[in-house]
Structures are given as C-alpha cells and as structure tokens.
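Working notes, beginning with the structure itself.
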Number of protein chains: 2
Amino acid sequence: MNIKEIAKLANVSVATVSRVINNSNSVKESTKIKVLKVISDHNYKPDAIAKSLRKKSTGIYSIIFSVNTDKIFEADYSQELVQGALSYFSKHELKLIVDTHGNQKDLINYYKSIIDSKIVDGFVILDLRENDPRIDFLNSENFPYIVIGRNSKNNFNYIDSDNESGAFTAIEHLYQKNCKNILHIAGNKNNPVVDKRIEGSLKASKLHNINMDILYSDFSEEKAFEIYLKNKEKYDGMFFESDKMAIKILNEIKKPEIPMIGFDNIMLSKYFDLTTINQNIFEIGYNAAKNLHKLSQGQKINSIIIPTDLIERGSTNL
Amino acid sequence: MNIKEIAKLANVSVATVSRVINNSNSVKESTKIKVLKVISDHNYKPDAIAKSLRKKSTGIYSIIFSVNTDKIFEADYSQELVQGALSYFSKHELKLIVDTHGNQKDLINYYKSIIDSKIVDGFVILDLRENDPRIDFLNSENFPYIVIGRNSKNNFNYIDSDNESGAFTAIEHLYQKNCKNILHIAGNKNNPVVDKRIEGSLKASKLHNINMDILYSDFSEEKAFEIYLKNKEKYDGMFFESDKMAIKILNEIKKPEIPMIGFDNIMLSKYFDLTTINQNIFEIGYNAAKNLHKLSQGQKINSIIIPTDLIERGSTNL
DNA sequence: CTGAAAGCGCTTACAG
DNA sequence: CTGAAAGCGCTTACAG
C-alpha cells in the first residue's frame, strides 16, 4: 500500500494525499475526510525512507559512545542520559541510534561518514575534551549537535550540570554537619568539570570561613583510598568528586569514620548509605534531545544548566 | 557530492559508479581504479537513504523497551544486552535504534507503524510472555525478529541463557559446599525461565541425593526476605533465582548465616560478595544481533542457547 | 564490461 | 483547492 494506491482509491492525486498526510491547510475539508477514510481503512502508513529522501531529514538522531564497546554503559550516567533523551524523542516520534566507535584516531571520519550517509539529523556529543576536534569539525560542517558538558571555549550549544553549585552545596552540607576542616578530593587537573566544582567548593569554604584543602585523585578509586588513609586524622570531613571513590573507601572501612559526601548519586550509593550530590542526568538527556530537535529544525536555542540537589544519607549523619 | 557528479568526473555512467561502490565484479579493473580515485579524492559517501529506498532495506535494527520510559535500563541486563548487540552491529556498519513504548495496549500498532514506515530491517524482542501477541503479529507480517528468551511454544528464533544448567550448577555448587538440605527460592509460576531453572535444580538434587524444597517468591525482594527469615534454621543452603533477592537479604543481615547463591551476576553482587550464576548477556545480545542480521538477509539461522557460568565468591565460603 | 532508462515512494514548486 | 510533473540519489534489469 503506497501513496499512489491511496490516491487512486480516494479519487484524488498523490499530491492531495500528501497534503492530507502532512496537514497542509489548503485542502478542502470534504476531500480531507474522504482521503483520511481511505488511509485509515487500509491502515496506510507513509514510507519514512522515501519521505526522508525528499525532505533531506530523517527524524533520527545519534549518540556515539567513543569508548571500547565493552563498557559503554558502565557508568549509570550513560544509561540515565539515554533514558532522558529517549523520553523526549519517543514523545515526538523521533528515533535515536545508539552507536559506538572505539578508535579515537578516525573518530572524525566516522562522524563524517554518518553525516554524509544522511541517516541522522543531529548528534548528542559526549565526553567532551578541552580541545575536542569534533567541535571544530561539526562547526565547519554546520551540522546540528548538542554537547553534554562544557569546556572553556563553549563555542557550541551545551547542556550541563551545575557542577559549581553542586560542589558549593556539598561543602555547605559538611559545614552544617559541623565540619570545619575539610578535604576536597578532586578529579583531574585541566578538566572543566573539576574546575567548576573547585570554584564552588572554594566559594562555600570562604563564605563560611572553613579550612579546606584540595587534592587531585584523577578519579582513581585506589588513589582516593590512599589519600583517605593518609589524611583521615587531619580532617573532619571529606568531599569526593565521585561516588565511586567514596564507595571504594566505604567498602573497605565498612563504617564512615568522618562525614563523607560524594558526587553523582549512582545506584550503588543508596546501598552504601552515602550522602551525595545528585546530578539530574535524566533531565540533561531530555533537554539535550529537545534542544537538538529544535536546532535541527532551525530554531534558535540556548544552552542549559541543570541544577543538582543534595541527597542526604547516613554517611554525613554519624 | 552525489553519484551523478562522481560519474561525470570519472567519465563513466552512474551505473558504473554504483557497481564500483557495491563491488560488483563485472567492472574492468582500470575503470574501477579510476572511479575509486575520484570517489576518494572527493571524499564521496553514498546517500544511505536513497540506497535504502531502492534496496528496501536500511541496515537499521531496533530494540523496543516496553516499559515506562523511566526505568528502561534499570536492570543491568538491558545495558549488557545492548552492548552486546552494538558490538556486532558496529562491526558490520549496521545501526541500532533504541526505542521505548510504554503502552501495552497499542504495542502491536506501534510495531506495525515502524514496519510500515520501512525504517528498520528487524527487531530484537525483549520481555517475552507466554502468550505474546507480538509473536503472532510478526509471524503474520513475516518480518524479521529475534527473541531474547523462550516460552513453551517457541514458534520463533530465539537466543536464551541456559537456565537449566545454570540452576543445576548452582545446586551442585551448594552440594560441594556441604549443603545437604537446600531451599530453592524460585521466581513466579508459569514462567518459562523459572520452569527451566526448576528442571535444572531438580536434576542436581536427584543426582546428588540432596533434599531440596522449592518456594515461589515472585522475584519480590521483600517476599524473599520473609521466606529467608522463616526458613533459615531449616536449611543449610539457599539458591535465589535473582541476585537482587539475595542482596536484599545480605543488606539486612550483613553476613551470610548459611551458604547463599544468586543468579544474574548483577554489578551489585560483587560488592556484596555474593556467589552467583553469571548469564553471558553480552553474548546473548551479540548473537541476537548476528542472527537478526542473517535472518533479515534471508539466511537460515538456528536458535542459540548461551551457557552460564559460576562466579564463586564469599557467600558460599563461610 | 558499460550505459540509458526506469523506478523506489514520497514532496513541492508551478500552473490553473 | 487540486493535479501533472519534476526530482530527491540511488540500484538494477535490459540491451548491446
């Protein structure tokens, strides 16, 4: 069943059927009703591929995980992000291709080949680096994309967590739990996310006149554990920039010895009764999809910062 | 840059360019070289949508999660499955649309609309039910699909875990840990997966002359905990049909009082030091993708049973 | 081994 | 308000 057959059955031209399907307003009401009846009687559904070829747009978007295929969804992060995006896309009859590409070397070529194949209308970009070749490439191609996260350039549209206020809240929460001497165990240097968090924690420590030191762990669970062991006597509270680091320690020591707060609110954190800063990753994914959709339709959009919130649990109530 | 421009630049017809692209063997070597040079010089990549329209096939597959959008990937299961499938698809330049549909009521219409829109070449079917309307529908449409799991009809191609031998191994492992009086906490009745596991556990208990009882928990963590409390004195070993149930108990009692073994090997099980039966879900996803690809190309395929394996941890080494 | 031409199923300017 | 026709970018039988 195609548009030609429908046209014949309804005694109109294919052009008219097309106008009815696409709700063009220049169709006489009686014609429209007649055509719609034939369409519904025959359960006709237009061929999306043929439509895409004409319209130069498919309604399909893509997110490419640039990691070894083995561990795409290792972080809860990716799952929730995809869920959020799917929530928007499915509401709007759009589709999402989830894809992987392992080799950093020819990543740009991979993006290029997908653009050239005309299969997708836009990308969600993950794992942004400070100097990310994908940005320059996509900008030069003038191809729609939304970045999850920011860097110091921000010559792109992004959706990001409010890392600064998240870290601010973490330190303030420790302060409210009577910590006056806090260790902030940060991720790695030259990481825009980490920099934002440090801005936030410094702001809170200054505001409340708290002594706070910062050490870098590179997000390594082992390194974090070493730092913990070496410093647990010197501080009366610790802020970890990832739940995973805090959980590594809780898993070793069983009961927290000083108040500890994490970041991310991964699934495990509930089991370890870890107080943490929740990133609303679902929201991030949802808004990334929404802005990408708008962008690919030529609408003007603004980057969005999604608030974080405090999840208070036992690790700061000793 | 399209096929017409390439043809002009190479001084051949578009038909010849097409033949070169698709490796048709009836092209003179020198022509082929000439055309390939122009293609590579201009970084030409064929329009996949136009190709799809002609070939009636897109190289795109879909997996539809029939749950509330909120919790698609709640189970580790779904993530690993998708990873496995992506591993195959990306190797073969195929794409996977991850999709969701909440409303059971018009699920068949949703499948139908996707088939009619011609966007995908096949489906991976999840959450199979004993009487699953999707099966009858897809069979009647003669549309390619692969089912994850089995039911008692099996009028379809499937990939499934070896639940029977998994349960057999679980009981045998408890037996080797000197359990002679075992409780098998099963899922729900009329569930093909659960039935297979019961077959397996009965086989092992008969073989080794172990006393074994079976109680149904409906996979409820609370119910499992009640069953545990009521029965922990009566048995010297327990087999839980899901890690989640066993972990609920370990989380309450902290240290196992009798040997306990789970099923699934979810991420949490490592943290709770739970011995469990690992399903090779990545393998299941990979093989589902592979068979779906073959099937949609008209090749003959066979259903596959993927072996499970024992992950021995502390909960059976007290 | 190669080309001219038809056609996949749509949409959309153009004309009336 | 509607239709005839062109065209999106490919592939493939057909003919030579």
Side-chain angles (χ1 to χ4, degrees), chain A residues 1-39 42-60 93 113-121 297-298, chain B residues 1-39 42-60 93 113-121 297-298:
Chain A
M1 194 50 70
N2 60 28
I3 198 171
K4 222 166 152 186
E5 302 181 60
I6 296 293
K8 192 177 287 175
L9 288 165
N11 264 315
V12 294
S13 71
V14 294
T16 297
V17 176
S18 175
R19 291 191 187 100
V20 169
I21 293 167
N22 295 294
N23 248 317
S24 165
N25 48 12
S26 69
V27 182
K28 214 205 304 174
E29 193 60 22
S30 62
T31 316
K32 190 186 256 177
I33 291 169
K34 183 174 64 175
V35 172
L36 283 176
K37 173 139 179 36
V38 177
I39 285 175
H42 294 79
N43 232 321
Y44 166 68
K45 172 102 198 196
D47 183 316
I49 296 298
K51 180 173 180 167
S52 295
L53 180 60
R54 271 302 316 234
K55 305 264 285 189
K56 305 276 124 204
S57 128
T58 60
I60 305 176
E93 298 202 55
S113 76
I114 290 174
I115 293 175
D116 290 346
S117 78
K118 306 281 167 55
I119 268 182
V120 308
D121 290 351
Q297 296 193 124
Chain B
M1 196 48 70
N2 59 29
I3 198 171
K4 222 166 152 185
E5 302 182 61
I6 296 292
K8 192 177 290 174
L9 289 165
N11 263 317
V12 295
S13 71
V14 293
T16 297
V17 177
S18 176
R19 289 189 188 103
V20 169
I21 293 167
N22 295 293
N23 245 318
S24 167
N25 47 12
S26 67
V27 181
K28 213 205 305 175
E29 194 59 23
S30 63
T31 317
K32 191 186 251 175
I33 290 168
K34 182 173 65 173
V35 171
L36 283 176
K37 171 136 179 38
V38 177
I39 286 176
H42 294 80
N43 231 321
Y44 165 68
K45 172 99 196 198
D47 184 316
I49 297 297
K51 179 172 181 168
S52 297
L53 181 59
R54 272 300 319 232
K55 304 264 286 189
K56 306 275 125 204
S57 128
T58 60
I60 305 177
E93 296 202 59
S113 76
I114 290 175
I115 292 175
D116 290 347
S117 77
K118 307 280 166 58
I119 269 182
V120 308
D121 290 350
Q297 295 193 124

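The structure presented is a predicted model; accordingly, all values stated were derived computationally and were not measured. In what follows, chains are A, B, ... by sequence order, proteins preceding strands, each numbered from 1.
Pairing each heavy atom of Ile119(B) with each of Ile60(B), the nearest pair is O-CB, 3.7 Å. Nearest heavy-atom pair across Ser24(B) and Val27(B) is O-CG2, 3.6 Å.
What separates CG of Asp116(A) from C1' of dC10(D) is a distance of 15 Å, to the nearest Å. In this structure, Lys4(A) places its NZ atom 12 Å from C1' of dC10(C), rounding to the nearest Å. For the pair Lys8(A) NZ and dC10(C) C1', the computed distance is 17 Å after rounding to whole Å. Atom CD of Glu29(A) is separated from atom C1' of dT2(D) by 16 Å (rounded to the nearest Å). If you measure from atom NZ of Lys34(B) to atom C1' of dT2(C), you get 11 Å, rounded to the nearest angstrom. Atom CE of Met1(A) is separated from atom P of dG9(C) by 12 Å (rounded to the nearest Å). Between the CD1 atom of Ile49(B) and the P atom of dG7(C) there is a distance of 23 Å, given to the nearest Å. Rounded to an integer number of Å, the gap from Asn11(A) CG to dG3(D) C1' is 13 Å.
Checking Lys32(B) against Tyr44(A), the closest nucleotide of DNA chain C that is more toward the 5' end is the one next to Lys32(B).
Listed by chain and residue number, nothing satisfies the side-chain hydrogen bond (donor to acceptor under 3.5 Å, both in side chains) test with Ser113(B) (two or more places apart in sequence, or in another chain). With sequence neighbours excluded, no residue forms a side-chain hydrogen bond (donor to acceptor under 3.5 Å, both in side chains) with Asp47(B). Considering only residues two or more places apart in sequence or on other chains, Lys37(B) meets the salt bridge (charged side-chain N to carboxylate O under 4.0 Å, His left out) condition with Asp41(B). Under the side-chain hydrogen bond (donor to acceptor under 3.5 Å, both in side chains) criterion, Ser52(B) pairs with no residue, sequence neighbours left out.
Base-pairing analysis of DNA chain D finds the following stems of at least three consecutive Watson-Crick or G-U pairs, with both pairing distances under 3.5 Å: C:1-3 with D:14-16, C:5-12 with D:5-12, C:14-16 with D:1-3.
Proximity note for Val12(B) (side chain, C-beta onward) versus dG9(C), dG3(C), dC10(D): the nearest is dG3(C). Nearest nucleotide to the Lys28(A) side chain, out of dG9(C), dT2(D), dG3(C): dT2(D). Looking at the side chain of Asn2(B), the nearest of the listed nucleotides dC10(C), dG3(D), dG9(D) is dG9(D). Distance from the side chain of Thr31(A) is smallest to dT2(D) among dT2(D), dC10(D), dC8(C).
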Discussion item. With side-chain contact (heavy atoms from CB on, under 4.5 Å) as the criterion, how do Lys34(A) and Val12(A) come out once you've worked through the C-alpha distance, each side chain's angles and the decisive distance to 0.1 Å?
Written reply: CA-CA 10 Å; Lys34(A) 183 174 64 175; Val12(A) 294; 4.0 Å; yes
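How far NZ of Lys32(B) is from CD1 of Ile39(B): 11.0 Å, rounded to the nearest 0.5 Å.
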Practice prompt. Could you encode protein contacts along nucleotides 11-16 of chain D as a string, one character per nucleotide from 5' to 3', using B for base contact, S for sugar-phosphate-only contact and - for no contact, with a heavy-atom cut-off of under 4.0 Å?
Written response: BBB---
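A distance of about 16 Å separates the C1' atoms of dT12(D) and dG16(D), rounded to the whole Å.
Side chains of Asn22(B) and Lys51(B): a donor-acceptor N/O pair is present below 3.5 angstrom, by distance only.
Backbone-only contact: Lys56(A) has heavy atoms under 4.0 Å from sugar-phosphate atoms and none from a base.
At most 12 heavy atoms of other shown residues, nucleotides or ligands fall within 6.0 angstrom of atom NZ in Lys8(B).
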